[in-house]
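See below for the structure under consideration.
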Amino acid sequence: MDLRLKGARALVTGGSRGIGAAICTALAAEGAAIATCARGAEDLERALEGYRSHGVDAHGEALDVRDADAFEAWVARSAEAMGGIDIVVSNASTRIDPSSADWWPDTFETDLMQHVRLKMLTVPHLAKSNDAALIFIASIASILTALPSYEEAYGAMKAGLVNLVGQWAVQLAPQGIRVNAISPGPIDFEGGWWDQIKQAQPEAYQRAAGMAALGRLGVPEEIANATAFLASPASSFTTGANLRIDGGLIKTANF
Ligand SMILES: NC(=O)c1ccc[n+]([C@@H]2O[C@H](COP(=O)([O-])OP(=O)(O)OC[C@H]3O[C@@H](n4cnc5c(N)ncnc54)[C@H](OP(=O)(O)O)[C@@H]3O)[C@@H](O)[C@H]2O)c1
């Protein structure tokens with residue numbers, strides 16, 4: 001299927017590794033220009049080289065998405081560098097230490113407020129696009145009620161995010177902007193959270209694999225492929241959806 005993404009302009013947060021990097025790679029391979037960010041400059045530079053190898057422009061800046069001023073300036077510079085924005089993928093999340101006094105406010109900032117901010121900053125650009133897509137990477141933690149205690153705040157914020165995706169789909173449809181969420185289950189990649197669990201607690205890793213109907217964890221490309229579809233005109237009638245990609249971990253029909 002031709003996703004008709006050649007020449008599209010995509011802004012993706014957290015594109016230096018893991019799911020965000022796989023999303024940037026998938027979009028670049030389809031011919032989309034990339035603007036991305038991450039805190040670590042070295043990984044980011046390496047990732048940008050990879051995106052450029054697909055023959056597209058790739059821009060990146062090292063910054064913290066929770067720094068409102070730096071974030072706003074980066075969005076503006078990215079839009080200018082690409083000549084506009086057609087696709088936004090709000091992907092970045094930061095693990096917050098649950099023993100810190102600011103666990104809840106920090107999780108609110110990282111897993112909810114920065115998504116709200118990105119939506120507000122990018123809608124004026126997306127409204128000028130002929131094929132605008134706004135995608136939020138949520139998590140199946142949004143509906144699980146047997147989460148580990150250290151994911152209590154994370155799950156609640158991701159649930160709020162999915163609710164907002166529904167509201168924004170309705171709110172932004174008149175401007176031609178489609179809004180969707182993707183909720184991954186456990187995704188494994190080198191250096192990622194589940195890779196660390198695989199090394200430190202192999203039995204917990206195997207338990208997570210066994211919970212999925214497919215009997216394994218996913219890989220970032222399995223999230224990226226679906227993201228590229230939702231970002232593309234090939235999904236022109238899809239808005240307000242929350243696509244669970246968890247290998248059948250959640251055992252309910254997705255009404
Ligand atoms: N992996 C999973 O099993 C899984 C499951 C469900 C949902 N998800 C969701 O999928 C998304 C990506 O997950 P992932 O596992 O790929 O995450 P990850 O390995 O932690 O990578 C996150 C990316 O975002 C960047 N980042 C993190 N905090 C940032 C900040 N404050 N400012 C700017 N950039 C920041 C990271 O680079 P720096 O660290 O250099 O900043 C990196 O490029 C997240 O929204 C996560 O909640 C993941």
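Order of appearance sets the numbers: ligands from 1, and atoms from 1 within every ligand. These numbers come from the heavy atoms of this one structure, side chains and all, not from hydrogens, waters or symmetry mates.
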### Message
Less than 3.5 Å apart, any donor N or O on the side chain of S235 or R178 sitting next to an acceptor on the other?
### Response
yes

### Task
Say whether Q171 and K119, considering side chains only, have a donor N or O and an acceptor N or O under 3.5 Å apart.
yes

### Query
Does any donor atom in the side chain of T252 or R244 lie under 3.5 Å from an acceptor atom in the other side chain?
yes

List, one per line, each side-chain donor-acceptor pair under 3.5 Å for residues 20-48, sequence neighbours excluded.
| from | atom 1 | to | atom 2 | distance (Å) |
| --- | --- | --- | --- | --- |
| T25 | OG1 | A21 | O | 2.9 |
| T36 | OG1 | V12 | O | 2.6 |
| T36 | OG1 | G15 | N | 3.0 |
| D43 | OD1 | R46 | NH2 | 2.5 |

In a table with atom names and distances, give each donor-acceptor pair under 3.5 Å that connects a side chain of residues 200-212 to protein atoms at least two apart or in another chain.
| from | atom 1 | to | atom 2 | distance (Å) |
| --- | --- | --- | --- | --- |
| Y205 | OH | D188 | OD2 | 2.6 |

### By salt bridge (Lys or Arg N to Asp or Glu O under 4.0 Å) - contacts of E61 (at least two apart)
R77

## Note on the structure
Output for ligand 1, non-hydrogen cut-off under 4.0 Å, lists G14, G15, S16, R17, G18, I19, A38, R39, G40, L63, D64, V65, R66, N91, A92, S93, T94, I137, A138, S139, Y154, K158, P184, G185, P186, I187, F189, W194

